Amino acid sequence: MPSKDHCWKAEHNMSEIPKAYEPQAVESKWYQFWLAQECFTADPKSAKPAFSMVIPPPNVTGILHLGHVLNNTIQDILCRKARMEGQEVLWLPGTDHAGIATQVVVEKRLKKEEKISRHDLGRERFVERVWQWKNKHGGIIIDQLKKMGCSCDWTRERFTMDADYSRRIAKVFVDLYGKGLIYRGKRMVNWCPVSQTALSDEEVIMKPQNGRLYHFKVEVDGEPGVFLTIATTRPETIPGDTAVAVNPKDPRYAQYIGKKVVRPLPAELPREQKLIPIIGDEAVEFSFGTGVLKVTPAHDKVDFEIGKRHHLGFIEVIGPSGLMNDLAGQELKGLDRFAARKKANEKLQELGAWVKEENYQNNVGFSERADVPIEPRLSEQWFLKYPSQAAAREVVSRGELRFFPDRWAKVYEHWLANIQDWCISRQLWWGHRIPVWYKGAEIKCQVESPGPEWTQDTDVLDTWFSSWLWPFATMDEATLAKFYPTTALVTAPEILFFWVARMIMAGFEYTGQKPFRDVYLTGIVRDKQGRKMSKSLGNSPDPLDLIAKFGADALRFGVMRSAPLGQDLLFDEQHVELGRNFCNKLWNACRYRQMQGGEAEGEINPALLSDEDKWILLKLDAAIQQINDAFSEYRFSEVVQVLYRFFWNEYCDWYVESTKAVLNGHDAASKANTLAVIDFVLSNTLRLFHPFLPFITEELWHGMGYSADLPATQGGKTIMTARWPKPLGQDFKEHYLLDESNERLVDAKHEFIVQGRNLRREANLQSGKKVKYVFKAVNETSAQDLEVLRLLLNADPLELDPNYQPPKGTPGVHSSLGDLFLPLAGLIDTVAEKARLTKALDKIQSEIEHINQRLNNPAFTAKAPPQVLDDHRNRLAEWQAKQKQTQAALEALAG
RNA sequence: GCGCGCUUAGCUCAGCGGCAGAGCAUUACCUUCACACGGUAGGGGUCGCAGGUUCAAACCCUGCAGCGCGCACCA
């Protein structure tokens with residue numbers, strides 16, 4: 001171990017155990033230990049069953065944000081639990097090269113630091129500089145994942161630009177080309193004028209915009225004085241119009257089909273060059289705008305299709321960077337497309353063609369990366385017809401590949417049903433260059449260059465074209481044999497189409513199998529007002545700051561506690577604080593145990609078990625069952641909730657408090673037995689918490705000595721391989737004589753104690769002050785039981801008097817164990833107490849009426865199942881007993 | 001426009017036919033020898049609205065409203 005263990009002394013010297021848990025030293029110590037012991041390294045030769053996941057590779061330019069924290073904590077939890085269940089676990093990490101993002105980062109840096117552009121360097125030297133940058137800064141997010149405690153197999157870390165991975169991508173391209181699924185064509189694509197590259201449909205975000213709808217008129221050729229009015233949002237594209245279209249069924253305009261109109265722009269052109277045909281096309285809506293559509297085949301997807309149908313000209317008037325070109329005319333040329341819009345509108349006014357303009361809300365596609373409106377643009381690109389579509393659909397529809405939550409299956413299905421070919425080429429320098437070679441008119445598609453006289457295609461592939469191979473291209477043969485298909489995938493729903501769906505298709509196409517069995521889609525992390533985390537809002541806390549302040553375990557716990565399946569996570573630093581508090585509670589519960597000394601994990605003697613001992617063992621059993629059920633359906637927040645309730649409310653609040661009756665006493669055998677129960681419960685608790693809180697549980701596992709007698713591979717070396725708790729089972733329960741009666745009895749005690757404490761509060765007695773109570777017990781009460789009650793009531797003394805006759809005005813409560821009195825007449829605010837009891841009586845009476853109403857309904861008694869009828873009758877009896885007691889208490893007060 | 005979710009305590013959410021729940025926040029009291037990063041006890045709800053099915057509805061069905069998301073898109 002690299003640093004000295006100053007946090008916990010094995011010799012149980014309480015003064016040396018800090019009162020509060022201090023995570024920093026503990027976390028770095030154990031992470032180093034796990035790495036040194038190769039605890040995360042997967043062994044393909046292992047005989048254990050395999051459990052595997054691949055990490056959604058974060059961008060190599062990325063830094064850790066809360067989305068990563070959520071996503072990777074979930075993955076780590078699954079891996080750590082799987083290891084404890086005895087599976088051989090592979091969690092394969094890595095990063096992707098993030099074509100556009102990385103290229104932009106390096107370009108900006110060059111510009112800032114050296115005042116040069118990538119063109120100044122040329123392609124080869126620029127790519128070298130990106131590699132330099134990657135080698136220097138690309139590991140940041142990996143280090144951050146380690147800080148979180150992620151148990152990835154770092155010996156298998158992959159990068160999408162690794163040589164062998166890149167080669168695999170090229171081979172896949174060649175294969176798909178050979179199958180005729182990849183083709184090149186001049187199409188209308190989504191062009192990003194900032195990045196100056198084509199984008200796939202998935203990278204375009206539609207956003208509602210407050211724009212203007214401009215109306216202008218054009219004169220019909222040969223019919224002086226006859227004008228058609230056209231509505232458009234983009235007057236700057238008028239110079240690129242090559243037709244005007246109307247619906248052939250539109251009686252207003254059908255007569256003009258075949259005639260021509262005069263396009264107003266560019267104004268300087270001679271009239272003959274501006275004559276464009278009026279065509280009839282069904283795509284034109286009667287009711288939209290004026291019913292007359294200007295057709296700009298080179299700058300609009302729909303117009304492009306119309307242009308092809310009618311063999312129109314394609315006039316490109318906007319260049320790759322979004323600037324108007326020469327064909328746009330002398331007035332617009334050189335202007336940015338938005339400046340040109342304004343200018344074009346002014347020009348229409350000048351020409352007298354302008355009719356009106358109005359506010360108009362429409363949806364405009366934005367480049368996801370650069371956040372500017374994309375420009376539909378005609379260009380030569382590579383496209384892919386998706387392979388293995390049918391297999392990808394069937395595997396989900398047959399339930400062999402499941403989504404959690406399952407509603408994503410419908411979204412997936414819908415996307416696949418309406419799938420469009422994928423534009424896979426990008427006009428970038430950073431990425432996998434397309435393996436296509438040219439010599440004159442000859443083309444070859446192959447991995448290696450056919451020879452020096454051949455030149456390679458200049459485009460690179462979409463980054464997602466590399467990550468869709470991630471689940472198998474990252475693995476060597478032995479690893480594939482053992483760990484593929486992977487067990488689960490955990491990712492954000494935003495990349496369901498980008499990544500998940502494509503991986504499924506690639507999986508079938510290249511391995512003949514699905515790439516994973518379960519897909520868990522996380523929620524989106526938002527701030528507490530429900531807004532998405534964003535840099536510009538500044539509402540995105542740095543997880544590393546949170547780790548420094550509260551500890552990694554606290555961050556993990558806080559995030560997981562508030563992340564229900566299928567819901568977004570509204571992040572608040574308070575959640576992390578709660579996690580910190582929880583760790584501290586766990587720490588102190590263990591500290592309490594350590595302060596008692598004695599043998600660690602002694603044997604439990606069934607004969608010496610108290611009702612409380614049996615109760616906590618039964619609660620542990622129930623918690624384990626609930627936890628395992630919740631885990632099987634990835635309901636993590638429920639797991640956390642159960643653990644929280646079990647440990648804090650059941651174990652700490654009730655059980656630990658009750659043990660003080662024994663541990664402060666003098667019965668050595670009972671003491672030892674209680675300590676054995678405590679150790680049993682704590683050892684199970686630490687193991688149940690380990691996937692969520694890896695660091696503190698490891699520290700306590702060793703500090704408490706629970707690792708001492710175990711084999712190295714089953715918890716002796718690290719809690720990571722300790723056995724995952726199983727429900728206690730029938731044999732265990734029989735051996736230790738555990739049954740429901742223990743549970744009922746202790747529950748009754750708790751109810752009795754709460755009522756007794758409430759009496760104190762009603763009397764305005766300080767909760768810390770010891771007061772005398774009198775207990776009129778129904779049954780025989782053992783000295784130990786009495787001591788538990790005394791302690792938990794903070795009574796001194798607790799008089800046991802079966803024949804007690806309380807003086808008039810003595811407040812008291814009734815329970816199944818007997819009556820409890822607080823003989824302090826005069827200290828009670830009788831008016832307030834009376835009011836409280838009257839209010840309670842009202843409630844009791846309304847409950848009784850409510851139940852009676854039902855029981856008196858013949859239809860109810862005839863049709864309700866007997867069980868329900870019994871429940872109602874029992875409940876009625878309970879309320880009636882309460883009513884009697886409350887009435888008696890009221891009378892006692894009045895007296 | 002089509003589709004999918006959500007609407008329960010001040011907040012975040014469980015519950016999905018048979019006594020309306022948790023955590024946080026809040027109120028009062030308490031530095032008691034595991035923990036004030038703590039303890040004890042409270043208060044707080046017409047389960048979005050309107051119909052229907054049922055002995056019984058937060059829960060099932062229908063309609064409506066509001067919020068969110070996805071897909072498509074009309075210039």
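So you know, we letter chains A, B, ... as the sequences are listed, proteins then strands, and number each from 1. Here the structure is a predicted model, which is why all the values come from computation and not from measurement.
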*Could you tell me whether A/L578 contacts a base, only the sugar-phosphate backbone, or nothing, with contacts defined as non-hydrogen atoms closer than 4.0 Å?*
sugar-phosphate

_As a test of understanding, state which of A/T659, A/V656, A/V677, A/I678 forms a side chain to side chain contact (heavy atoms under 4.5 Å, CB included) with A/I616._
A/V677

_Any side-chain to backbone donor/acceptor pair from A/N588 onto A/N584? Under 3.5 Å, distance only._
yes

*With sugar-phosphate meaning primed atoms plus P, OP1 and OP2, does A/Y412 contact a base, only sugar-phosphate, or nothing at under 4.0 Å between heavy atoms?*
nothing

_Gap in Å between the two C1' atoms, one belonging to B/A41 and one to B/U46, rounded_ = 29 Å

*Distance-only, no hydrogens or angles: does the A/N794 side chain make a donor-acceptor pair with backbone N or O of A/V771 under 3.5 Å?*
no

*State whether the distance check finds a donor on one side and an acceptor on the other, under 3.5 Å, for side chain A/R580 versus base B/C37.*
yes

*Is B/C55 paired to anything, Watson-Crick or G-U wobble with both distances less than 3.5 Å, and if yes, which nucleotide?*
B/G18

_Pairwise C1' distance, B/C6 and B/A58 [rounded to whole Å]_ = 14 Å

*N or O in side chain of A/K660 less than 4.0 angstrom from B/U32 OP1/OP2*: no

*asked:* Heavy atoms from C-beta onward define the side chain here; which of B/C24, B/A75, B/U40 lies closest to that of A/T232?
replied: B/A75

*asked:* Check the phosphate of B/G39 against A/W648, side-chain N and O only, distance under 4.0 Å to OP1 or OP2. Yes or no?
replied: yes

_For B/U26, the Watson-Crick or wobble partner whose two distances fall under 3.5 Å_ = B/G42

*Write down the distance separating the P atoms in B/A34 and B/G39, rounded off to the nearest Å.*
13 Å

*A/K410 side chain: which of B/G5, B/A41, B/C71 is closest?*
B/G5

*Kindly say whether, by distance alone, the side chain of A/E657 makes a donor-acceptor pair under 3.5 Å with the base of B/A34?*
yes

_Main chain of A/A552, side chain of A/E27: is a donor-acceptor contact present, judged purely on distance under 3.5 Å?_
yes

*For atom C1', what is the distance between B/G42 and B/C47, given to the nearest Å?*
23 Å

*asked:* Can you see if the side chain of A/N857 gets near the phosphate of B/A56 - specifically, an N or O under 4.0 Å from OP1 or OP2?
replied: no

_P spacing across the pair B/C71 / B/U26, given as an integer number of angstrom_ = 41 Å

*Nearest to the side chain of A/L570 - B/G5, B/G23, B/C13?*
B/C13

*Hey, does the side chain of A/Y214 come within less than 4.0 Å of B/A75's phosphate (OP1/OP2), counting only N and O?*
no

*asked:* Any base atoms under 4.0 Å from A/C652, or only sugar-phosphate, or nothing? Heavy atoms, all strands.
replied: base

*With P as the reference atom in both, quote the distance from B/A50 to B/A57 in angstrom, rounded to an integer.*
15 Å

_At less than 3.5 Å, do the side-chain atoms of A/K19 and the base atoms of B/C35 form a donor-acceptor pair?_
no

*Side-chain donor or acceptor of A/N363 paired with backbone N/O of A/M206 under 3.5 Å*: no

_Spacing of the P atoms in B/U12 and B/U54 (rounded, Å)_ = 37 Å

*Would you please confirm or rule out a distance under 4.0 Å between OP1 or OP2 of B/C29 and any side-chain N or O of A/R761?*
no

*Report the nucleotide, chosen from B/G42, B/G38, B/C4, that has the shortest atom-to-atom distance to any side-chain atom of A/N581.*
B/G38

*asked:* Distance check, C1' atoms only: B/G10 and B/U62, in whole angstrom units.
replied: 33 Å

*asked:* I'd like to know if the side chain of A/E305 reaches the main chain of A/K301, judged simply by a donor and an acceptor atom lying under 3.5 Å from each other, with no hydrogens or angles considered.
replied: no

*Take A/D871 and A/H414, find for each the nucleotide of RNA chain B with the closest heavy atom, and name the residue whose nucleotide sits nearer the 5' end.*
A/D871

_A/W879 or A/R760, whichever maps to the more 5' nucleotide of RNA chain B_ = A/W879

_Tell me whether the side-chain N or O atoms of A/N363 pair up with the base of B/C73 as donor and acceptor below 3.5 Å, since no angle test is needed here._
yes

*Does OP1 or OP2 of B/C24 have a side-chain N or O of A/Y644 closer than 4.0 Å?*
yes

